[in-house]
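Here's the structure, in structure tokens; my notes come after.
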Amino acid sequence: MLLRNYLMLPFLLLVAASVTAQITDPKATEFYEPVPPKVQAAPVIVAAPSDAIVLLGKDVDTREWVSATTGGPVEWTREGDALVVKPGAGAIKTRRTFGDVQLHVEWRSPNEPDKEGQGRGNSGVFFSERYEVQVLESNGSDTYTNGQAASIYKESPPLVNATSVMGDWNSYDIIFSAPVFNKDGMLVRPAYVTVLHNGVLVQNHFEIKGTTAYIGLHKYTAHPDGSIMLQDHSNKVAYRNIWVREL
Ligand code: MG
């Protein structure tokens, strides 16, 4: 028995080392099964209610937004009633900061059938500049399930895949509860998120585990309320009709 315990020791040390070691492979947090079933649904187009702050209206005025990298004016491209990601210009974020909100966003992936996976129509809606609801062309292209459209990126796959056909509009209606930290920076209440994709429930009061990260497990770092941010992931994703209600 004693001998057997000695033989186990190197193994136990190895396990302990691997648990505490930093995860360096992004694939360690990418999951492929089960695949959320596909659901056909159409975008829910809702005009801003009277108590909403219009972040992007029909006039595509970007006064509520700044470049997230420079803090200066938004350099994305205006196309009709939409604002389109200008690859390389960087993310944009709201001038205002928000806590708990209801957010309506409409988005459309570019028609790029030659691209696939995370390279096809990738963008994202971030809350407090940290927590990403993924935007991706996930109707005709597969990727890891916790990285597809309407996933909480690298945390939670959507309950179903309600993504519109490439080139068609999608809607997100998101209810986000910001995390609460005490004065010592300790997490008192995690963030929660509920997402309806094209009117279909895909995230049901999901408890967010921490700041979105490409590599490694997510963890919280104390922060004040932040901006809502839209990602530039080098794809010409279009946005229109964005409004927010503070809760
Ligand atoms: Mg993204």
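Starting from 1, each residue takes its place in the sequence as its number. Every number for a ligand or one of its atoms is a count from 1 in the order of the listing. Since the model is a prediction, treat every value here as computed from it, not as a measurement. Worth knowing before you read on, the calculation uses all heavy atoms, side chains too, and leaves out hydrogens, waters and symmetry mates.
- At least one N, O or S atom of Ser123 sits under 2.8 Å from the Mg ion (ligand 1).
- Taking the Mg ion (ligand 1) as reference, the nearest N/O/S atom within Glu132 carries the name OE2.
- Ring orientation note: the planes of Tyr172 and His197 are nearly perpendicular, at an angle over 60° on the 30°/60° scale.
- Side-chain rings of Tyr144 and Phe31 stay apart, their centers remaining 6.0 Å or farther from each other.
- Exactly one of Ile92, Leu230, Thr77 qualifies for a side chain to side chain contact (heavy atoms under 4.5 Å, CB included) with Leu83. That residue is Ile92.
- Coordination check, Gln118 versus the Mg ion (ligand 1): failed, since every N/O/S atom of the residue sits at 2.8 Å or beyond.
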Check against salt bridge (Lys or Arg N to Asp or Glu O under 4.0 Å), Arg120 and Glu112: CA-CA 7 Å; Arg120 189 193 250 199; Glu112 294 179 327; over 6 Å; no
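- Taking the Mg ion (ligand 1) as the apex, the angle formed with OD1 of Asn122 and OE1 of Gln134 is 90°, to the nearest 10 degrees.
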